[in-house]
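Bear in mind that the values here come from a model prediction, so they are computed numbers and not experimental data. Position 1 is the first residue of the sequence; numbering continues from there.
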Amino acid sequence: MRFRAAVMGVLLLVTLAGAEASAQAPPPSAKARQAAVTYANQGWTAYRARRYREALQAFRRAEATVHAPTFLIMVARSCHKLGRLTEARSVYQVIVDEQLPADASQAFREAQAEARTELEALSSRIPTVEITVTGAGSGGAQVALGGLDVPQSTPVARDPGSHTLAVGAPGRRGLTKEIVLKEGMRARVEVDLAAGKVRIESDGTGRGAGGEPHPLGPGQGAADGGAQEGGEPLGPGQVAADGSAQEGGGAADGRPSPRSSAVVFTGLAATAAGTGLGVAFVVLSNGKASSQQRLLEPASCTDPARCPGLDLRAYNDLGHAKADLANAAVWSFLAAGAAGLGTAAYVLLTGRPDARDATATGLSVSPMPGGLVISKRW
């Protein structure tokens, strides 16, 4: 019901956005608005699941169908989560530079204000590199970084990650080197063509302050970039700027981390195995009890010690086996309970399972009094 209500909120906001745009351009058709709703909901679902590439595609489709700054800001945030900081900055700048009409909605104005704030914070996080070529023939040297020509002695912005530096000059042997840029880095690269050496200096390798994109608030819809269920934002530090999850979270494509998934599924497997063994031991113990009872039936005895013709040794052996199996069942159930409680404690201490480990698998583990509730989407 919450999701259905959110979709209705999305439709209303897109309709209002179309009405507000009527002063400058014809409003979008009902079909276009409905398509934007669909794309926005797909984008928001993917964004919450940390499938940022899928979210980016969906929000771009929504924006292409019905223009709204609130779609664009989710495009920028998705780019940011993927580590495409320069692209995110360009999209933020488009939102900031847009001249909104006087009757623009509050959602549009808030999106523009948030874009301005996030743009300012993002700027300090984008690495820059300044490349200088020295030595004989450096005057005619050509410099490329990541396949794109760059001017010498001029800082250029690039996304965090590995970039191939290629330097060539007439009559000189070309030189290539991989350069790794980190968020907030201000790197200077000096290339000595004559010696064939590359020197790299940096005045900072840490992240800039702030700038992490944040999800929408409760109740915001497609004109704000999608429908949110429950209104709970992502926790701080859960996702790095390159789209990979920190603290054991999932990667940008929604895959759960090996460590957290292994813990959860091992705990569930141990719980299931312990429970299964306990049931099996109970069945076997009951079988031994039935065999004991059948030994007493021919003589209609109630006291084995005074039952004529009873194989007392066989009777006692069955009794011991029954007791051993019953004890094994008890220990199996205790082990299953311990494994279940341990798994529940891990899930509670490390974060919401549906936002991390269960995203890609559709598995949901919820602790309840006396055990766990496990559900799976197919």
Side-chain angles (χ1 to χ4, degrees), residues 6 10 13-14 17 36 39-98 107-126 157 159-161 183 207-246 249-254 355-356 359:
V10 169
L13 286 171
V14 174
Y39 292 141
N41 279 311
Q42 291 172 354
W44 181 245
T45 299
Y47 189 92
R48 281 184 61 99
R50 297 187 181 89
R51 299 193 304 271
Y52 298 119
R53 290 182 179 84
E54 181 181 333
L56 177 60
Q57 294 177 354
F59 285 125
R60 284 198 181 280
R61 289 174 180 172
E63 164 63 19
T65 305
V66 175
H67 168 66
T70 42
F71 285 148
L72 278 179
I73 198 169
M74 293 307 299
V75 170
R77 289 169 177 170
S78 298
C79 289
H80 193 167
K81 291 291 189 180
L82 289 168
R84 293 155 62 169
L85 305 190
T86 55
E87 184 177 356
R89 180 177 63 178
S90 299
V91 178
Y92 279 130
Q93 193 65 57
V94 169
I95 302 171
V96 170
D97 292 341
E98 182 175 356
F108 281 19
R109 296 189 183 279
E110 289 178 359
Q112 191 174 62
E114 291 175 5
R116 185 176 294 106
T117 300
E118 292 174 22
L119 174 61
E120 292 175 357
L122 177 64
S123 297
S124 63
R125 302 174 63 124
I126 300 177
D159 289 330
E183 288 190 15
R207 289 185 170 187
E212 280 290 349
H214 55 81
L216 305 176
Q220 289 180 285
D224 292 331
Q228 176 174 0
E229 296 182 66
E232 295 182 12
L234 297 174
Q238 287 183 354
V239 183
D242 61 356
S244 62
Q246 300 174 348
D253 59 2
R356 292 187 178 192
T359 296

J.: To the nearest 0.5 Å, tell me how far F71 CZ sits from R61 CZ.
T.: 13.5 Å
J.: Under 3.5 Å, side chain of E54 to main-chain N/O of G43, donor-acceptor pair present?
T.: no
J.: What heavy-atom pair brings V96 and A115 nearest, and what distance separates the two atoms?
T.: CG2-C, 4.0 Å
J.: Would a distance-only check, ignoring hydrogens and angles, find a side-chain to backbone donor-acceptor pair under 3.5 Å from Q112 to E98?
T.: yes
J.: Compare every heavy atom of A36 with every heavy atom of A62, then report the nearest pair and how far apart it is.
T.: CB-O, 4.0 Å
J.: Using a 4.5 Å cut-off on heavy atoms from C-beta on, say whether the side chain of Y47 contacts that of Y52.
T.: yes
J.: Any heavy-atom pair between the side chains of E118 and H80 that's under 4.5 Å?
T.: no
J.: For Q42, is there any backbone N or O sitting under 3.5 Å from a side-chain donor or acceptor partner on T45?
T.: no
J.: Supply the atom-to-atom distance I95 CD1 to E114 CD, rounded to the nearest 0.5 angstrom.
T.: 9.5 Å
J.: L82 versus E87: any side-chain heavy-atom pair under 4.5 Å?
T.: no
J.: If you take all heavy atoms of A76 and A88, which pair is closest and at what distance?
T.: O-CB, 3.4 Å
J.: Should R77 and Y92 count as side-chain neighbours, where that means a heavy-atom distance under 4.5 Å?
T.: yes
J.: Would you compute the distance between atom CZ of R84 and atom CG of D159 and round it to the nearest 0.5 angstrom?
T.: 8.5 Å
J.: Can you measure from CZ (R89) to SG (C79) and round to the nearest 0.5 angstrom?
T.: 13.0 Å
J.: Tell me every residue that passes side chain to side chain contact (heavy atoms under 4.5 Å, CB included) with E120, counting only those two or more places apart in sequence or in another chain.
T.: R116
J.: I need the L56 CG to R51 CZ distance, nearest 0.5 Å.
T.: 13.5 Å
